[in-house]
Amino acid sequence: MSTPIDYLLHLADNAVVLGQRNAEWCGHGPILEEDMALANVSLDLIGQARLLYQRAAELMGGDATEDKLAYFRGPHEFRNYTLLELPHHGALVGYAAADRDYATTIVRNFLYSALMVHVWDGLQQSADPSLAAIAAKSLKETSYHLHHSRDWLVRMGDGTEESHARAQAAVNHLMPYTEEFWTTSPAEGAAVAAKVAIDVWALRPAWDALVNDALAEATLTRPNFHGYVTEGKVGLHSEHLSYLLGEMQGLARAHPGATW
Amino acid sequence: MYTQAMDIPDESGKKLAAVSNAPSDQEAAFEARIDADGRIEPQDWMPEAYRKTLVRQISQHAHSEIVGMLPEGNWISRAPSLKRKAILIAKVQDEGGHGLYLYSAAETLGTSRDQMLEGLHSGKAKYSSIFNYPTLNWADVGVIGWLVDGAAIMNQVPLCRCSYGPYARAMVRVCKEESFHQRQGYEALLVMMKGTEEQRAMVQDAVNRYWWKCLAMFGPPDADSPHSAQGMRWGIKRISNDDLRQKFIDATVPQAKVLGVTLPDPELKWNEARGHYDYGQIDWAEFWNTVEGNGPCNKERLATRVKAHNDGQWVRDAAQAYARKQKERALKEAA
């Protein structure tokens, strides 16, 4: 059975969107070492996205390329988790402006990398050998992202009164978006059936354990979920994605057909 | 990337003329080592003025790396391909790394990173003036690699032989990475010049805006360079501003020809007798005006650095508070 392209795009879009967000800190980090760390995380994610788009383009054939997939698809065609497209601050509408909050950045990187270490680990056994190879490389990188974000989560939670309050606010804001991890999209279902992907639902106990352990060490509490389950991975996004893509794709789209 | 500003006086250099009160045998040993082209290490005695000159120069260099992240960072989110985005992020990350080595090298002279940052944020310490110009189109990223990093390399390669060991060693690594950046910048421009009419126009526009600014990066003419003579004597500066500038022009003209861009100087022509290119007048009034804080982006650059630092205070506080708590817990456990 062939690899469902939509599933590769889901993984690639996750990586490119979060890579784009992490790079926004470049030159604005709270300390030089963190500027560099987030640039490094971003670089890893952009690298993962490139490999995944390249694999998708290869399977699509024709004139598909990594850049056509990243730059010439609209927001409704993107398959990333909604969590990853949110700006680095609390809940505000798409055209609101606010300062970046490092706690939001760190909590998001933590929640996502805590999932992806398990996803990449499982995908090393994917029936698609290219995806298995990408997973092996990405697992090493994601383990570092998890280590980095978990360390900071604990420092913030168990740091000062202000850092604790900011970390707790970020957890409260972002945790509901993780519910999207546990629903099954048609692309995921097809990929699991083809033995290309693993069932993310089965990873939930491991993710819960990782998250609960870190939150406890950080003296933070996990909010109860009740509300809307986001659907970014089927193309129904927040107001924020079109701004992110507008900025990312603008120059490339102004010069269609140009080579850079 | 970086440059020149090391010849630019700032507040931190005001006490340079302070007279050393060290015993003469120490001074003699220092002078002898300088004369023998040896290296001075952190634990060695050195004249106070030598120490201050180095702190000023290395911290200006470090500040330049950090402020220099901003004009290029301006294009990361909009890079027109994923490959170029990755290259640019890696490059800007390298600049941050250069800042780190350089702050560390300066710390070996007894000045903390916090003190140096305070100098930058208060406006007392300078950074390279080239970063006070805006990056207005994507080709600026390539042109900064080709010309700005190219000029920086001309300045920095001699610093690998600087008399102060930690600085010289930091510069070896910095220069390797800068050479890589320069080639990447040039390659990006070559691709654009083979592209569409609009892409070629972007490259020419960027060259027009940056060429003269890059020539000014080498600092004032030798006759007007305030610290050059002493810097030469101490082995901190090896080649004069004008000589480096000429070397850069001579190397760059043929590269511009291969690229297919016009360097915006009608007086630029080969002088057979001198064996060098002649070039037109640099606008030093504009240069000094920008150094003094009145360039197009000075206020934005500095305010952005200050804001990042202030906004990050709670993060640094959290790390320190957590470290303190961990230490207390360890002590409690041991007791």
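Naming: A, B, ... by sequence-line order, numbering from 1 per chain.
The heavy-atom pair separating Val92(B) from Cys26(A) by the smallest distance is CG1-SG, 3.3 Å. The two atoms that bring Tyr71(A) and Ser81(B) nearest to each other are OH-C, 3.1 Å, heavy atoms only. For the pair Ala86(B) and Leu43(A), the tightest heavy-atom approach, listed with the atom from each and the gap, is O-CD1, 3.2 Å. Here the closest non-hydrogen pair linking Met192(B) and Trp260(A) is CE-CZ3, 3.7 Å. Residues Thr160(A) and Asp317(B) share a closest heavy-atom pair of CG2-O, 3.8 Å. When every heavy atom of Ala39(A) is checked against every heavy atom of Ile89(B), the shortest pair comes out as O-CG2, 3.4 Å.
Proximity to chain A (any heavy atom under 4.5 Å) is shown, for Gln93(B), by both the backbone and the side chain. Leu70(B) touches chain A through its side chain: at least one heavy atom from C-beta onward sits under 4.5 Å away, while N, CA, C and O do not. With a 4.5 Å cut-off on non-hydrogen atoms, Arg78(B) touches chain A through its backbone and its side chain both. Within the 4.5 angstrom heavy-atom criterion, only side-chain atoms of Lys307(B), from C-beta onward, approach chain A. Within the 4.5 angstrom heavy-atom criterion, atoms from both the backbone and the side chain of Val154(A) approach chain B. Residue contact with chain A, scored on non-hydrogen atoms closer than 4.5 Å, is absent for Ala188(B). Neither the backbone nor the side chain of Leu117(B) comes within contact range of chain A; no heavy atom of the residue lies under 4.5 Å from a heavy atom of that chain. When heavy atoms are compared at a cutoff of 4.5 Å, Met193(B) does not approach chain A at all. When heavy atoms are compared at a cutoff of 4.5 Å, Arg324(B) does not approach chain A at all.
In this structure, Thr259(A) and Gln199(B) have side chains that are not in contact, with every pair of non-hydrogen atoms separated by 4.5 Å or more. Annotation: side chain of Arg113(B) is in contact with side chain of Ile31(A) (closest heavy-atom distance under 4.5 Å).
Separating the NE2 atom in His309(B) from the NE2 atom in His28(A) is a distance of 15.5 Å, to the nearest 0.5 Å. Atom CD of Gln249(A) and atom OG of Ser77(B) lie 12.0 Å apart (nearest 0.5 Å).
In terms of heavy-atom pairs under 4.5 Å with chain A, the best-connected choice from Gly73(B), Ala79(B), Ala323(B) is Ala79(B). Heavy-atom pairs under 4.5 Å with chain A were tallied for Ala318(B), Gly312(B), Ala321(B); the largest tally goes to Ala318(B). Between chain A and the options Trp314(B), Trp138(B), Trp75(B), Tyr322(B), heavy-atom pairs under 4.5 Å are most frequent for Trp314(B). Chain A forms the most heavy-atom pairs under 4.5 Å with one residue out of Asp94(B), Asn310(B), Val315(B), and that residue is Val315(B).
The neighbour count for Phe180(B) CZ, taken as heavy atoms of other residues, nucleotides or ligands under 6.0 Å away, does not exceed 12.
Formation of a donor-acceptor pair under 3.5 Å by the Lys325(B) side chain with backbone atoms of Asp158(A) is found in this model.
Salt-bridge formation is not detected for the pair Arg100(A)/Asp311(B): no Lys NZ or Arg NE/NH1/NH2 atom is positioned less than 4.0 Å from an Asp or Glu carboxylate oxygen.
Taking non-hydrogen atoms and a 4.5 Å limit, the residue list of residues 49-67 of chain A in contact with chain B, ordered by number, reads Arg50(A), Tyr53(A), Glu66(A), Asp67(A).
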